[in-house]
Amino acid sequence: GGKRLYLGMDFGTSGARYTLIDKDGIIHSERKREYPKYMSKGVMDWVQSWKLTLFQLLEDIPDEFRALIASISIDGTSATIMIIDSTTGEPLSRPFLYNESCPDAVSVVTSIAPVNHTVCSSTSTLCKLVSWWNSYGSSKESAVLLHQADWLLWLLHGKLGVSDYNNALKVGYDPELESYPPWLLSQAYSYVLPSVQAPGTFVGLVKEDIRTRYGLPKDCAICTGTTDSIAAFLAARATQTGKSVTSLGSTLAIKLLSTNRIDDARYGVYSHRLDDKWLVGGASNTGGAVLKQIFTDEQLKNLSKQIDPIKASPLDYYPLQTVGERFPVADPKLAPRLTPRPESDVDYLHGILESIARIEGEGYKLLTELGATQVEEVFTAGGGARNETWTKIRERILGLPVSRAQQTEAAYGAALLALKGVQ
Ligand code: ADP
């Protein structure tokens, strides 16, 4: 055959995006859409809004490209879920969004799960499921739980009840045992849990009606997805252990590919499985949000140019927006430290950038102490990635090669999963 293309779609918090790549990873088409404000009975109807956006994005792809799509995968926000009636395919409740808290379920979940398990957080998928289970009045026999990405993919392949082990982590799935644990399977509601595959696994061919409506090929494959933050990591193609991605956005998040799994609830450190490796992550409250409070983006650019990155700054700060830190220092009472402020703004910014770099370094050091593979190379994503002075400062502090990630869009990572699914 001729050229084939691979479609990735990312459903984020405010909008969705598609990226269409070829087998070499070259982008042929991409587009972003905000979610339409689709209201029903005075409240936001997320289900209709996501569905509309999915099909609008499919329509946005030029006809000649659509005919070449070999496979599709989708990522969604972690712990955004829906409960579906498996006989009709209709939702049994409104969706639970990623950041929604279900404090009513925490004590029940804490009583069944191992100490400090990720499901004990009030925003976990399991807390959402338990909260729904305990409040839903009608028959629940045909209920099935789907994550946002599972549900969107279901609209394309029509096989209800399939998920991936990244999305399923926060409902309690054990990606190491490749099963739900006994403490979860013994619960009355365990029958609603979806079956779980590796991300980027072939599930089925695109449904016939969708295929004809959009002019997709007969063999167009639909593959399991992942969460948005893992898709963003995949985009950087840091595929070997020891490679990592630091995301310098509003906050500082690090994700390191490791041969072994580490989890430590004290620091909010946990691991996602990626085939035969583990993606270890930690997130600090320091980051760009503090910079934004003090400097405009224009100032950041101009002042950074005047900093000599080879020179060490004598200033030692802990830049935070509010009191409290989790990683690499677990201290809910840690106070922001941004003084003394020198007269020169160049010196001030130098001190802040270097302090954030030190926190990043402490983060990688902590992951190693907890048993993860030693970091060897760092790719950077987020707003801070475009600051070359900062990159040089970080190279000096970390003692490692640091560069900007070539690709950082989650949709690109999802497209790589689509490619994986048909290889
Ligand atoms: P978000 O986490 O909100 O998605 P982004 O990845 O878009 O964040 O990054 C935005 C952040 O990047 C802002 O907090 C801003 O302070 C920071 N930023 C923007 N330009 C620069 C720069 N030249 N150097 C360092 N940081 C920058």
- Query: Is the centre of the W183 ring less than 6.0 Å from the centre of the H117 ring?
  - Reply: yes
- Message: Less than 4.5 Å apart, side chain to side chain, heavy atoms only: is that true for D10 and Y412?
- Response: no
- Report the distance from atom CZ of R337 to atom CG of L334, rounding to the nearest 0.5 Å. 7.5 Å
- Is there side-chain contact between K51 and L155, with heavy atoms separated by less than 4.5 Å? yes
- Message: Under a 3.5 Å distance rule, please check whether T19 uses its side chain to pair with a backbone N or O of E30 as donor and acceptor.
- Response: no
- Message: Does Y38, at its OH atom, have more than 12 non-hydrogen atoms belonging to other residues, nucleotides or ligands within less than 6.0 Å?
- Response: no
- Taking NZ, NE, NH1 and NH2 as the nitrogens, is one of them in R396 or D308 under 4.0 Å from a carboxylate oxygen of the other? no
- Message: Pair R273, E176 - check salt bridge (Lys or Arg N to Asp or Glu O under 4.0 Å), show working.
- Response: CA-CA 8 Å; R273 185 170 168 185; E176 198 160 2; over 6 Å; no
- Message: Checking T226 against D164: is there a side-chain donor and acceptor pair closer than 3.5 Å?
- Response: no
- Could you pull out the closest heavy-atom pair between E376 and T241, with the gap in Å? OE1-O, 4.4 Å
- Query: Given R94 and D45, is the salt bridge (Lys or Arg N to Asp or Glu O under 4.0 Å) satisfied, shown in steps?
  - Reply: CA-CA 8 Å; R94 61 175 189 82; D45 188 340; over 6 Å; no
- Would you find a donor on one side and an acceptor on the other, under 3.5 Å apart, between the side chain of K32 and the backbone of Y18? no
- Query: Out of curiosity, T80 OG1 to M82 CE, how far, rounded to the nearest 0.5 Å?
  - Reply: 10.5 Å
- Query: Does K420 reach the main-chain N or O of C223 with its side chain, forming a donor-acceptor pair under 3.5 Å?
  - Reply: no
- Task: Fit a plane to each ring of W133 and Y189, take the angle between them on a 0 to 90° scale, and name the class: parallel (under 30°), tilted (30 to 60°) or perpendicular (over 60°).
- Result: perpendicular
- Is a donor on one side and an acceptor on the other found under 3.5 Å between the side chain of T368 and the backbone of Q374? no
- Side-chain donor/acceptor of K128 to backbone N/O of A79, under 3.5 Å: yes
- Which pair of non-hydrogen atoms, one from W50 and one from L152, has the smallest distance, and what is that distance? O-CD2, 4.0 Å
- Message: Please check this pair: side chain of D174 against backbone of E178, looking for a donor-acceptor N/O pair closer than 3.5 Å.
- Response: no
- Message: Between S355 and P319, is there a side-chain heavy-atom distance shorter than 4.5 Å?
- Response: yes
- So M44 and S49, side chain to side chain contact (heavy atoms under 4.5 Å, CB included) or not? Walk me through it. CA-CA 8 Å; M44 179 71 181; S49 181; 3.8 Å; yes
- Item | Shortest non-hydrogen contact from C127 toward S121 | SG-O, 3.4 Å
- Does one side chain, of T286 or S284, offer a donor that lies under 3.5 Å from an acceptor on the other? no
- Is the closest side-chain donor-acceptor distance between R394 and T380 under 3.5 Å? yes
- Task: Would you sort out whether T53 and F11 count as a side chain to side chain contact (heavy atoms under 4.5 Å, CB included), showing the intermediate values?
- Result: CA-CA 9 Å; T53 307; F11 282 73; 4.2 Å; yes
- Query: Rounded to the nearest 0.5 Å, how far apart are CG of L370 and NZ of K365?
  - Reply: 11.5 Å
- Is it true that atom CD of Q306 has more than 12 heavy atoms of other residues, nucleotides or ligands lying nearer than 6.0 Å? yes
- Roughly how far, to the nearest 0.5 Å, is the NE2 atom of H272 from the CZ atom of R261? 10.0 Å
- Do we see a donor-acceptor contact under 3.5 Å between the side chains of H147 and D150? yes
- Query: How long is the gap from CG on L353 to CG on L315, to the nearest 0.5 Å?
  - Reply: 11.5 Å
- Message: So does L97 get a backbone contact from the side chain of E100, meaning a donor-acceptor N/O pair under 3.5 Å?
- Response: yes
- Message: Main chain of V106, side chain of T110: is a donor-acceptor contact present, judged purely on distance under 3.5 Å?
- Response: yes
- Message: Whether the Y173 and S179 side chains hold a donor-acceptor pair (N or O, under 3.5 Å, no angle test) is what I'd like checked.
- Response: no
- Task: Step by step, work out the salt bridge (Lys or Arg N to Asp or Glu O under 4.0 Å) result for R31 and D60.
- Result: CA-CA 8 Å; R31 160 120 200 216; D60 289 337; 3.5 Å; yes
- Assess the side chains of S122 and S101: does a donor N or O sit below 3.5 Å from an acceptor N or O? yes
- Message: So which atom in S131 and which in D104 form the shortest heavy-atom distance, rounded to 0.1 Å?
- Response: OG-OD2, 2.8 Å
- Query: Using a distance-only test with no angle check, is there a side-chain donor-acceptor pair under 3.5 angstrom linking E325 and Y318?
  - Reply: yes
- Message: Counting C-beta onward and ignoring hydrogens, is there a side-chain heavy-atom pair between W132 and L145 closer than 4.5 Å?
- Response: no
- Any idea which heavy atoms bring D24 and R237 closest together, and the distance? O-NH1, 3.9 Å
- Task: Look at the side chain of R17 and the backbone N and O of A411, then say whether any donor-acceptor pair between them is shorter than 3.5 Å.
- Result: no
- Show your reasoning for whether side chain to side chain donor-acceptor pair (under 3.5 Å) applies to T259 and K277. CA-CA 5 Å; T259 48; K277 304 180 180 72; over 6 Å; no
- Task: Can you spot which of L20, I21, L419 makes a side chain to side chain contact (heavy atoms under 4.5 Å, CB included) with L5?
- Result: L20
- Item | Pair E360, T246: side-chain N/O donor-acceptor within cut-off below 3.5 Å | yes
- Message: Between V119 and I112, does the side chain to side chain contact (heavy atoms under 4.5 Å, CB included) criterion hold? Intermediate values first, please.
- Response: CA-CA 10 Å; V119 296; I112 57 167; over 6 Å; no
- Message: Any carboxylate oxygen within less than 4.0 angstrom of a Lys/Arg side-chain nitrogen, looking at R326 and D331?
- Response: no
- Message: Distance alone, cut at 3.5 Å: any donor-acceptor contact between the side chains of K255 and S244?
- Response: no
- Task: Would you please say whether a donor-acceptor pair under 3.5 Å links the side chains of D228 and T77?
- Result: no
- Task: Dump the intermediate steps for side chain to side chain contact (heavy atoms under 4.5 Å, CB included) on F327 and D264, then the final yes or no.
- Result: CA-CA 10 Å; F327 173 90; D264 196 315; over 6 Å; no
- R4 NZ/CZ over Y6 ring centroid, <6.0 Å and within 45° of normal: no
- Is E388 atom CD crowded by more than 12 heavy atoms from other residues, nucleotides or ligands, each under 6.0 Å away? no
- Query: With a 4.5 Å heavy-atom cut-off, do L7 and F65 have their side chains touching?
  - Reply: no
- Message: To check you understand the geometry: which heavy-atom pair defines the closest contact between I254 and L367, and what is its length?
- Response: CD1-CD1, 3.9 Å
- Note on the structure: Interatomic distance, CG@N166 vs CG@L274, rounded to 0.5 Å, equals 6.0 Å
- Message: Distance alone, cut at 3.5 Å: any donor-acceptor contact between the side chains of S304 and N387?
- Response: yes
- Distance flag, aromatic centroids of Y317 and Y348, threshold under 6.0 Å: yes
- Query: Quick one: does Q407's side chain have a donor or acceptor within less than 3.5 Å of a partner on A235's backbone?
  - Reply: no
- Message: Taking atom CD as the centre, does E64 end up with more than 12 heavy-atom neighbours from other residues, nucleotides or ligands that are less than 6.0 angstrom away?
- Response: yes
